[in-house]
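Data first, discussion second: the structure below is written as structure tokens.
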Amino acid sequence: MRACHECDWLVALPPLRAGHKADCPRCGHTLAQRHYKPAQRSLALALAALVALGIAAGFPFVGFGYSGIENRIELAQTATGLIRFDQLPVAIVVALTIMVLPALYLLGVIWLQIGLLRGSPLPASRDIARSLSHLHPWMMTDVFIIGALVSLIKIAGLAEISLGISFWSFCAFAVLLLATTQTIDSDWMWFSLVGEPLAPENSHTGTTAAEQGLSGCPTCGLVNRLDTRKPRCRRCGERLHDRLPHSLQRTWALLFAAALLYLPANLYPIMITTKLGNSSPSTIIGGVVQLWQIGSYPVATVIFIASILVPVGKLLALGWLCIAAKRSAGYHSTIRTRLYHLTEFIGRWSMVDIFVVAILAALIRAGALMSVSPGPAALPFAGVVVLTMLAAFTFDPRLLWKPSSPVKEAHHV
Ligand SMILES: [Zn+2]
Ligand SMILES: [Zn+2]
């Protein structure tokens with residue numbers, strides 16, 4: 001028995017075999033998916049990813065040469081380099097999203113799968129398994145690679161660039177990390193860790209969980225009865241809510257804060273480039289215009305989409321979804337849920353510009369000859385990205401659906 005995370009519909013799942021996938025009959029959201037040998041597969045991928053990260057951290061990342069001055073940086077310097085410019089909070093965000101959180105995630109996966117392969121879970125497995133799903137959206141290695149490519153294209157015409165072993169290793173790491181997250185079968189993992197407690201008595205399919213006083217666990221999927229004041233999942237211990245508390249108010253507050261930060265993020269320069277003694281600050285929009293003028297149309301487009309279109313689109317889309325959830329829940333629910341998913345998925349890509357600034361500031365250090373430093377907009381812009389991501393997580397997509405509507409109706413929408 002599962003309650004759909006999106007629309008709260010209660011569904012009874014048949015036993016699934018490897019390669020099978022179960023979708024929600026009302027909204028089409030994937031409820032569970034089985035893989036072949038899930039434990040061995042994710043263990044192997046996680047180990048390989050961790051080795052690639054180790055290599056990426058230990059060797060030079062990229063080097064640059066300009067008029068006889070050479071500079072090579074390591075991966076970690078893209079974060080620590082920012083501290084020199086008093087950008088500690090941004091440095092922490094960069095270090096967490098590209099190295100620390102992915103490393104913790106991989107160690108967690110390895111710990112869990114070793115326990116499962118041995119047949120008896122290692123200590124703290126339940127807490128680790130619960131944390132993994134919370135870590136997931138904050139890992140941004142793929143975004144960092146795009147940031148690295150954009151940085152290299154930006155300076156390719158000005159200086160000599162050499163890619164180190166670490167660069168290629170980091171690319172491998174990002175791919176392996178993505179593959180690891182894809183093979184994690186949380187449904188199977190929770191079943192193997194703790195088993196599957198019986199569904200609550202008198203629960204039946206064909207209505208929403210909330211109508212029956214039930215709630216599907218957001219982490220392990222188990223259906224629980226909401227009978228105590230502060231209910232927790234019987235299987236994984238996660239807090240349960242029939243709907244996230246004050247979801248709309250929280251989302252509004254975070255959106256409002258993000259919109260406020262969006263002003264300084266665009267009005268102040270995000271990057272200051274010094275060349276032959278002349279400093280030229282550039283704002284986010286200014287950077288896009290510059291790239292366009294020198295003919296780097298694809299990069300200009302990428303930065304425009306990631307730094308301008310995505311944050312603004314996200315603010316508008318989430319704001320509209322909040323209004324829609326309150327005014328007209330139950331209409332166009334499928335399309336609205338898709339829009340919500342899109343905002344949840346694309347939000348992290350706005351970090352590209354922050355990574356570009358981090359890489360260039362660490363790499364280009366030839367004093368008055370040529371150097372790059374982060375501008376005052378870096379912190380508010382990173383704030384916008386983090387706040388809009390949080391706003392998307394506090395929004396409860398179940399609010400877009402009517403408490404109960406027949407399956408047929410959903411197909412017509
Ligand atoms: Zn559903
Ligand atoms: Zn649970």
Side-chain angles (χ1 to χ4, degrees), residues 1-14 16 21-33 108 112 116 121 124-136 184-200 203-228 230-244 321 325 329-342 344 393 395-413:
M1 192 80 97
R2 288 285 172 269
C4 177
H5 290 319
E6 314 279 272
C7 70
D8 206 28
W9 202 250
L10 217 54
V11 183
L13 294 186
L16 296 175
K21 193 176 120 189
D23 290 343
C24 170
R26 183 156 78 148
C27 71
H29 176 65
T30 302
L31 299 170
Q33 199 169 6
L112 284 176
L116 289 179
S125 282
R126 218 172 67 133
D127 294 323
I128 292 172
R130 215 172 55 218
S131 316
L132 288 186
S133 61
H134 295 299
L135 274 181
H136 191 196
I184 295 281
D185 180 346
S186 73
D187 208 63
W188 172 86
M189 193 174 69
W190 280 105
F191 175 74
S192 320
L193 279 174
V194 200
E196 173 95 23
L198 283 174
S203 53
H204 55 91
T205 58
T207 60
T208 59
E211 276 177 291
Q212 303 176 47
L214 306 171
S215 176
C217 172
T219 301
C220 74
L222 189 75
V223 174
N224 292 266
R225 189 165 287 287
L226 297 170
D227 41 12
T228 51
K230 281 190 178 163
R232 282 180 181 275
C233 174
R234 287 171 291 155
R235 181 154 71 167
C236 69
E238 186 75 79
R239 278 261 188 86
L240 297 173
H241 309 283
D242 61 337
R243 295 291 179 269
L244 290 176
L321 285 174
Y331 293 97
H332 308 296
S333 303
T334 316
I335 296 168
R336 287 174 182 175
T337 308
R338 278 204 197 123
L339 178 67
Y340 168 72
H341 267 285
L342 191 68
E344 205 185 19
F393 300 145
F395 184 79
D396 192 330
R398 292 176 294 188
L399 292 171
L400 295 171
W401 294 82
K402 261 189 201 155
S404 191
S405 65
V407 177
K408 256 193 268 164
E409 199 180 291
H411 280 297
H412 283 300
V413 177

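Each ligand, and each atom within it, is numbered from 1 in the order the structure gives.
- Other residues, nucleotides and ligands contribute at most 12 non-hydrogen atoms within 6.0 Å of the CZ atom of F191.
- Screening D242, N224, L226 against P231 for a side-chain contact (heavy atoms from CB on, under 4.5 Å) leaves a single residue, L226.
- For the Zn ion (ligand 1), the N/O/S atoms of H5 include none lying under 2.8 Å.
- Each of E238, R130, R235 was scored for a side-chain hydrogen bond (donor to acceptor under 3.5 Å, both in side chains) with T219, with one residue passing: E238.
- Under the 3.5 Å distance criterion, the side-chain polar atoms of S203 are left unmatched by any main-chain donor or acceptor of A199.
- Here the Zn ion (ligand 1) is the vertex; the SG atom in C27 and the SG atom in C24 give an angle of 110° (to 10°).
- Under 2.8 Å from the Zn ion (ligand 1) lies no N/O/S atom of H29, from backbone or side chain alike.
- An angle of 100° is found at the Zn ion (ligand 2) between C217 atom SG and C236 atom SG, rounded to 10°.
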